Amino acid sequence: MNARSHTHVTAALRLCLHALLTGLLGLVVVRAVSEDAQRAPAVVVVAGLMAALYAAGPLAASVQPGSRAGAGWLAGLGALWAALLVLSPDALWVAFPLYFLQLHILPMRWALPAVVVTAGAAITSFVVHEREIEPGAFIGPLIGAAVAVATVLGYDALFRESERRRELIVELVATRADLAEAERTAGTLAERERLAREIHDTLAQGLSSIQLLLRAAERSLPEDAPAAAHVRAAREAAQANLAEARSFVRALTPPDLEHGSLAAALERLCARTTAPDLTVRFAVSGTPVELPTPYEVALLRTAQSALANTVRHARAGRAEITLSFMDTSVALDVVDDGQGFDLSGAPVHERGDGGFGLPAMRARAGSLGGALSVESAPGQGTAVAVTLPLPVTEAERAA
């Protein structure tokens with residue numbers, strides 16, 4: 001009858017309830033047969049009907065807690081029990097399993113009045129049959145009703161707590177899986193960035209230097225010199241390998257930079273950043289120029305980190321990201337109007353976004369010859385600015 005749970009405990013409780021009601025009905029019949037031969041046939045018939053109706057309840061799919069069929073089934077049991085009360089004073093003991101049935105089948109706002117009515121009927125039956133008033137006639141049914149109510153309410157509380165714990169466990173398992181996937185993704189992205197940076201800083205820079213040196217050597221040699229052809233071939237090979245190295249760097253570029261420029265990636269970052277009462281805007285200043293991949297990665301990661309800190313800690317209503325292209329440098333500013341913090345306190349070295357704190361931003365900027373500055377004060381917002389020198393092009397080096 002209980003569709004909410006099929007645990008061994010609830011199954012045992014149901015079996016105990018079945019045994020209790022069956023045993024009490026059997027007791028009523030035995031006492032009637034042995035002590036009241038005149039009413040014994042009627043008691044046997046009514047008790048049999050009540051037992052049959054009770055047995056039909058668990059077998060009927062429509063008899064469920066809170067359903068109309070369940071309420072009708074319970075009303076039928078109550079009517080037969082009332083008839084049994086008229087015939088035998090021993091039928092008042094059947095009130096105890098009826099308490100549990102009423103609390104289980106009916107909504108609590110109807111179950112409690114039903115329990116009170118059942119207890120009153122049991123007390124009235126005892127007084128009518130015994131023709132005397134005793135304290136036990138009142139205390140027994142009332143204590144039974146109180147125990148039944150306390151037991152059912154306690155079980156419901158335990159059941160709700162168990163369900164809450166089960167949901168928490170399911171949520172924790174799902175969260176752990178998500179975190180594991182996020183860590184794998186973060187590790188993959190970090191390795192891609194590291195490889196791109198290493199290729200750019202070692203192979204690509206080395207091949208670029210070799211190409212420039214070979215070009216200078218080629219210019220210093222006479223056109224009919226025997227070594228000129230070999231120098232030219234070496235320079236072309238270095239140029240081809242430099243193009244391959246740069247293609248590797250582009251292939252290892254973070255996903256946000258794969259389908260557009262740095263400005264487009266920053267604009268998408270602002271668009272997908274959401275927080276209550278927070279508006280994020282993006283602007284570009286100056287004439288955009290093509291930046292090496294490590295520069296774009298550093299600026300994008302700095303923006304992600306600073307904006308994550310704004311969302312998590314600043315309680316800001318407005319944030320602005322500005323990408324500025326100047327003659328000899330490129331700058332990224334992330335400014336918010338949040339609660340700010342004391343620069344002399346602990347937040348300066350905290351990894352507020354879970355992996356790219358202020359020290360990581362500063363180290364990333366320093367690896368490219370740039371600098372990071374932070375301005376903040378309690379109640380006055382925060383401004384994070386990173387400035388990177390623009391790299392010298394090959395044409396500028398040759399000149």
Side-chain angles (χ1 to χ4, degrees), residues 189 192-193 196-197 199-201 203-205 207-209 211-212 215 239 242-273 279-310 316 318-337 356 358 360-375 381-399:
L189 293 176
R192 289 176 62 177
E193 291 181 25
R197 185 168 58 252
I199 292 174
H200 178 272
D201 294 343
L203 293 178
Q205 295 296 338
L207 290 171
S208 179
S209 299
Q211 183 184 11
L212 290 174
R215 179 174 294 174
Q239 185 176 1
L242 177 60
E244 288 290 334
R246 287 174 174 171
S247 68
F248 290 151
V249 171
R250 285 193 298 271
L252 295 171
T253 299
D256 287 333
L257 297 173
E258 287 181 354
H259 305 291
S261 63
L262 173 62
L266 291 173
E267 191 169 3
R268 289 194 297 270
L269 173 63
C270 294
R272 67 171 178 258
T273 300
T279 301
V280 184
R281 297 179 179 178
F282 171 70
V284 178
S285 175
T287 303
V289 298
E290 184 177 355
L291 298 174
T293 298
Y295 279 58
E296 293 186 339
V297 171
L299 294 173
L300 177 62
R301 292 300 185 229
T302 300
Q304 290 174 333
S305 176
L307 200 55
N309 285 338
T310 298
R318 179 178 56 85
E320 294 183 0
I321 297 180
T322 304
L323 180 63
S324 303
F325 293 92
M326 294 167 281
D327 293 338
T328 60
S329 63
V330 58
L332 178 77
D333 298 279
V334 182
V335 181
D336 66 64
D337 62 353
F356 296 101
L358 292 177
M361 296 186 218
R362 186 171 287 109
R364 189 183 290 275
S367 68
L368 297 175
L372 178 78
S373 63
V374 180
E375 297 180 2
T382 302
V384 177
V386 59
T387 304
L388 302 177
L390 288 176
V392 180
T393 64
E394 294 182 6
E396 294 173 341
R397 290 179 182 176

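Small disclaimer: the values here were computed from a predicted structure and weren't measured.
- Remark: side-chain polar atoms of T302 are paired, donor with acceptor, to backbone N or O of A298 under 3.5 angstrom.
- Nearest approach of A319 to T310, heavy atoms of both residues: CB-CG2, 4.3 Å.
- With sequence neighbours excluded, the residues that form a side chain to side chain contact (heavy atoms under 4.5 Å, CB included) with S329 are M326, T387.
- Closest approach of V374 and R362 over heavy atoms only: CG2-NH2, 4.5 Å.
- For the pair F282/I321, a side-chain contact is recorded, criterion being any heavy-atom separation below 4.5 Å from C-beta on.
- Taking the salt bridge (charged side-chain N to carboxylate O under 4.0 Å, His left out) definition, one finds that E320 meets it with R318, sequence neighbours left out.
- With hydrogens and angles ignored, the 3.5 Å screen pairs a side-chain donor or acceptor of S367 with a backbone N or O of R364.
- From L299, atom CG reaches atom CD of Q304 across 11.5 Å, with rounding to the nearest 0.5 Å.
- In this structure, P389 and G369 approach most closely via the heavy-atom pair CD-O, 3.4 Å.
- Minimum interatomic distance between G370 and L388 (heavy atoms only, all atoms of both residues): CA-CD2, 3.8 Å.
- Minimum heavy-atom separation, T273 to L269: OG1-O, 2.6 Å.
- Note that CG of L323 is 11.5 Å distant from CD of E267, once rounded to the nearest 0.5 Å.
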Step by step, would you call L332 with L266 a side-chain contact (heavy atoms from CB on, under 4.5 Å)?
-> CA-CA 10 Å; L332 178 77; L266 291 173; 3.9 Å; yes

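- Considering every non-hydrogen atom in both V334 and A303, the closest pair reads CG2-CA, 4.3 Å.
- Between L390 and T328, the closest side-chain pair of non-hydrogen atoms is not below 4.5 Å.
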Dump the intermediate steps for side-chain contact (heavy atoms from CB on, under 4.5 Å) on F325 and L291, then the final yes or no.
-> CA-CA 10 Å; F325 293 92; L291 298 174; 4.0 Å; yes

